[in-house]
Amino acid sequence: MKLKKIKSIKLIPKAPFNFDATFHKPDHFPSGDNDWQAGFRWQTWRWEGKLLGLKFENKGSVKRPQIKTTIYPQNSLSNSFINSLINEISYKYNLDLDLAKFYALFKKDEVLAPVIKRWQGLRPGHQGSLYEYLVVGLVLQNATVKRSVNMLQVLFENYGQCLEYDEKKLWGFWRPGDLAGVKEEELRGLKIGYRAKYLKRLDDCFGKGKIDEFDLRRRDVEKQKEELLKIYGVGPATAGYILFDIFHRFNFIEHISPWERKIYSKLFFDQDPEKPVSEDKLLKYFDRYRPYQQLAVHYIWEDLWWQRKNKHIPWLEKLIRA
DNA sequence: CATCAGGGCCCTG
DNA sequence: CAGGGCCCTGAT
């Protein structure tokens, strides 16, 4: 479907704000719902049931930030819709997060201080709804990056909607519940394997409104974790990602999956990734970053992946298996 | 060619 | 609480 722009809105994030490091996370696998180039982010977005094309443009600087957001809808939008959309964008990308406290705490940390300096205004965040992020979490499980990319793409092509706007063709997610009439066998035909069952149950759960993302946002972290782990197909790895990316729990870190352990071992202990240090030792090490443990790790992690864009890091390449 | 682990999680014993 | 099984792919 071809879309026309209707409206541009000026957003002023709290300074400092780094546009590219906020709107592009080089560790995420490429997916058909978005595109990025320096100063620009295109993103499909489902809000209050409507599927939109969005374009974000950097119109400011780190110290004097400004984002131009252009909306490409499928039909007319009310002012209240646009207002709530703007609020949601601000929430998702943490545009009002006060980073100064975090920076002040660790301005003398040997590892973190130089990273913070390089990435002034990098904000955590993720554009997806809880449901959408869970789908991504499913295709990440026990798969190589390339296979994850393929699985999400084939799901988009079968159940998503292709939007054309601003000379881009991007896929929008289907709605929770849209897979109700789809048989598990059909999903298996798309080569998503055992995840077909998880996806069916996930879609059913959200389609029936058994989980309210916005209600869950207001709960405490333990309740959020508990509810996430109740979802069939969600374990500690997926729950951890969601608590940080979707619920913005910047201190939450309880589980470090094997491949991340390898990378952290090299980063923090200069240990051979093939002989990773224990999860326990890493968690104890991260104690120093309270009350921003996962945010601190995120900064160091993103820094590494940005480096990878510019130079070859042999030990890292070996661990990625694209 | 065959084998095997991969950016987990469920289930069983 | 440890360990086997799961879908499918591509690396070895």
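Chain letters run A, B, ... following the sequence lines, proteins first and then strands; every chain starts at 1. Keep in mind that this is a model prediction, so the values were computed, not measured. When reading the values below, keep in mind they use all heavy atoms of this one structure, side chains included, and skip hydrogens, waters and symmetry mates.
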Any T144(A) side-chain N or O less than 4.0 Å from OP1/OP2 of dC8(C): no

Short side-chain N/O contact to dA11(C) OP1/OP2 from K318(A), under 4.0 Å: no

Let me know the distance between [atom1] of [X] and [atom2] of [N], rounded to the nearest Å.
X       : N       : atom1 : atom2 : value
R147(A) : dA11(C) : CZ    : P     : 14 Å
L134(A) : dC9(B)  : CG    : C1'   : 14 Å
R201(A) : dC6(C)  : CZ    : P     : 18 Å
E279(A) : dA2(C)  : CD    : P     : 12 Å
Y232(A) : dC6(C)  : OH    : C1'   : 11 Å
Y198(A) : dG8(B)  : OH    : P     : 12 Å
E317(A) : dA11(C) : CD    : P     : 13 Å
K200(A) : dC7(C)  : NZ    : P     : 16 Å

Among F19(A), W305(A), W36(A), the one residue meeting ring-ring contact (aromatic ring centres under 6.0 Å, His included) with H24(A): W36(A)

Taking atom [atom1] in both [N] and [M], what distance in whole Å separates the two?
N       : M       : atom1 : value
dC7(C)  : dT12(B) : P     : 14 Å
dG10(C) : dC9(B)  : P     : 23 Å
dG4(C)  : dC4(B)  : P     : 14 Å

Scan [X] against the nucleic acid and name what it touches under 4.0 Å (heavy atoms): base, sugar-phosphate only, or nothing.
X       : value
I256(A) : nothing
K262(A) : sugar-phosphate
T238(A) : sugar-phosphate

Heavy-atom side-chain contact between M151(A) and K191(A) under 4.5 Å: no

Residues in contact with DNA chain B, drawn from residues 25-34 of chain A - heavy-atom cutoff 4.0 Å: D27(A)

R288(A) to Y285(A), cation-pi by 6.0 Å centre distance and 45° axis angle: yes

Just grab all the salt bridge (Lys or Arg N to Asp or Glu O under 4.0 Å) pairs involving [range], residues at least two apart or on different chains.
range                       : result
residues 43-53 of chain A   : none
residues 118-127 of chain A : R118(A)-D303(A)
residues 16-41 of chain A   : D35(A)-K168(A)
residues 82-92 of chain A   : E88(A)-K92(A), E88(A)-R217(A), K92(A)-E213(A)

side-chain contact (heavy atoms from CB on, under 4.5 Å) involving V182(A) - partner list, sequence neighbours excluded: Y159(A), L179(A), E186(A), L187(A)

For D270(A), all residues meeting side-chain hydrogen bond (donor to acceptor under 3.5 Å, both in side chains), sequence neighbours excluded: K266(A)

5'-to-3' dot-bracket of DNA chain B (Watson-Crick, G-U; under 3.5 angstrom; crossing pairs as [ ]; | other strand): .|||||.||||||

Proximity to DNA chain C (any heavy atom under 4.0 Å), residues of residues 183-195 of chain A only: R188(A), K191(A), G193(A), Y194(A), R195(A)

Side chain to side chain donor-acceptor pair (under 3.5 Å) pairs, two or more places apart, involving residues 55-67 of chain A: K55(A)-D166(A)

Enumerate donor-acceptor pairs with a distance under 3.5 Å from any side-chain N or O in residues 237-246 of chain A to protein atoms, sequence neighbours excluded.
residue: Y241(A); atom: OH; partner: E260(A); partner atom: OE2; Å: 2.9
residue: D245(A); atom: OD2; partner: Y133(A); partner atom: OH; Å: 2.6

Residue N142(A), side-chain heavy atoms: nucleotide from dT9(C), dG7(B), dG8(B) that is nearest: dG8(B)

Residue W259(A), side-chain atoms from C-beta onward, closest of dG10(C), dG6(B), dG8(B): dG8(B)

Could you pull out every donor-acceptor pair under 3.5 Å between side chains of residues 3-11 of chain A and any protein atom, sequence neighbours left out?
residue: S8(A); atom: OG; partner: T70(A); partner atom: OG1; Å: 3.1

Candidate pair H248(A) and Y91(A), rule side chain to side chain contact (heavy atoms under 4.5 Å, CB included), full reasoning: CA-CA 9 Å; H248(A) 306 167; Y91(A) 170 82; 3.4 Å; yes

